[in-house]
2 protein chains.
Amino acid sequence: MITLAGNGSPRAGRPRRADARRNHEQLVEQARIAFAESGVDASLDEIARRAGVASGTLYRHFPTRLDLIEKVLAERIAELVDLGNRLLTAEDEFDALHTWLRAAVTHALTYRGLAAFVMNSALDRADDPVPTWHAEMFAVAAALLARARRSGTLVAGADDTDVLRMVNAIAWAAQDTPDSSAQADRLLALLVHGLRPRA
Amino acid sequence: MITLAGNGSPRAGRPRRADARRNHEQLVEQARIAFAESGVDASLDEIARRAGVASGTLYRHFPTRLDLIEKVLAERIAELVDLGNRLLTAEDEFDALHTWLRAAVTHALTYRGLAAFVMNSALDRADDPVPTWHAEMFAVAAALLARARRSGTLVAGADDTDVLRMVNAIAWAAQDTPDSSAQADRLLALLVHGLRPRA
DNA sequence: ACCTGAACACCGTTCAAGT
DNA sequence: ACCTGAACACCGTTCAAGT
């Protein structure tokens, strides 16, 4: 027997019952607040508490912390991907890459602990269902890198993954600094300088 | 009234009682094993258990996790400082720096979580009693950087702290990778390439 | 279909009581 | 002088019982 209209899994779409939908929204909303306050390692128990639900309800809506983070960041990531796509037609190929890397670092600085979380949950283990947001970000980054490489403005031997790993590492290294934005810029400058080929 | 012979603090030297000295040694020994197995975030409770003491005893000997890590790594750090001092008289100023940075990354890869721990406990907050090992490492690094800078083989505008922060970030980004050593080398190559001035 | 909240298995840290 | 181990305050995660 084949079920046609969805399988009972709560992740296969927004909840249909009114109270469940309200809980879902409140969880995302309170997660956003908690992440901003304490970083993406914020207590899930407290997020549930603030959303006015029991802990089990949070797990029903978002089985893993990643699911919650993903939801909270979805729009920003989409913007980052859009930016990348637009930059693919920018004049200076290296500048386009530089601009996007800057935006990527800024993104990774959105919440404390985000860079570390991304590193642990995606770049290392070959997780089967790579979160789509990651896949799209990676694709855009790869396209920008490929274009710069073709134009001869990118140093040879700079692996795509390595560059993205460095971007993540830079956000991580800057995140708890007094002026994390300026700190990240300085570290990124070091990286970008190394990405230019020698004259 | 002034106490002359020590102030009763357990940290003011090795324990004098035989059982305490044995416990001290066992704690360091078991910490080394636990760190190698699970990284520097290893459970302190289990370290105590393996050392055959109660948790309170561990805290008596090592009030903070940092004290334990420091003790376990003391010798390696001393070697790293020695290496740096020797490299100060090496022929090629840039190569000397490169070699030391490589050793520093390798050091930071000794135990999982070490780079993160160092970042959180030292580079950010201006901890009053900066652990001596850090101070010495920083001094050697600064000397090597200064020498390379004087010789004109180091790019202008590379801040000492920034470079060390990047070294730490590289170790962090490589630590959970299948071949962390090779991964770290590749990332370090990117950094070092950026440290050379343009011809 | 969804929610509750107790239960479980872990943490780190402190401190009164012992020897 | 030093050690023990219970106590406390936190975690994340699961699941039987409810509505």
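Each chain gets a letter, A, B and so on, in the order its sequence line appears, and its residues count up from 1.
Here the P atom of nucleotide dA1(C) and the CG atom of N23(A) are 17 Å apart, to the nearest Å. As rounded to whole Å, 14 Å separates atom C1' of dA1(C) from atom CZ of R22(A). The distance between atom CZ of R60(A) and atom C1' of dC3(C), rounded to the nearest whole Å, is 8 Å. Between H61(A) atom NE2 and dA1(C) atom P there is a gap of 14 Å when expressed in whole angstrom units. Rounded to whole angstrom, the span from the NE2 atom of H24(B) across to the P atom of dA1(D) amounts to 18 Å.
In DNA chain C, the stems built from three or more successive Watson-Crick or G-U pairs (distances below 3.5 Å) are C:4-8 with D:12-16, C:12-16 with D:4-8.
Ion pairing between R112(A) and D41(A) fails under the 4.0 Å rule for side-chain N and carboxylate O. Under the 4.0 Å criterion applied to side-chain N and carboxylate O atoms, D159(B) and R165(B) are not assigned as salt-bridge partners. A salt bridge does not link D45(B) with R50(B): none of the charged nitrogens is closer than 4.0 Å to a carboxylate oxygen.
Of all nucleotides listed (dC3(C), dT4(D), dC2(D)), dT4(D) comes nearest to the side chain of V53(B).
For Q183(A) (side chain) and Q175(A) (main-chain N/O), no donor-acceptor pair under 3.5 Å exists by modelled atom type.
The line from CD of E93(B) to CG of L154(B) is 11.0 Å long, rounded to the nearest 0.5 Å. Rounding to the nearest 0.5 Å places CZ of R198(B) at 5.5 Å from CZ of R198(A).
Aromatic ring pairs are classed by plane angle as parallel below 30°, tilted from 30° to 60° and perpendicular above 60°; the pair H24(B) and F62(B) is tilted.
Geometrically, R65(A) does not engage F117(A) in a cation-pi contact defined by less than 6.0 Å to the ring centre and at most 45° from the axis.
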Summarise protein proximity over nucleotides 6-19 of chain C in one line of letters, 5' to 3': B for base, S for sugar-phosphate only, - for none, counting protein heavy atoms closer than 4.0 Å.
-> B----SSBBB----

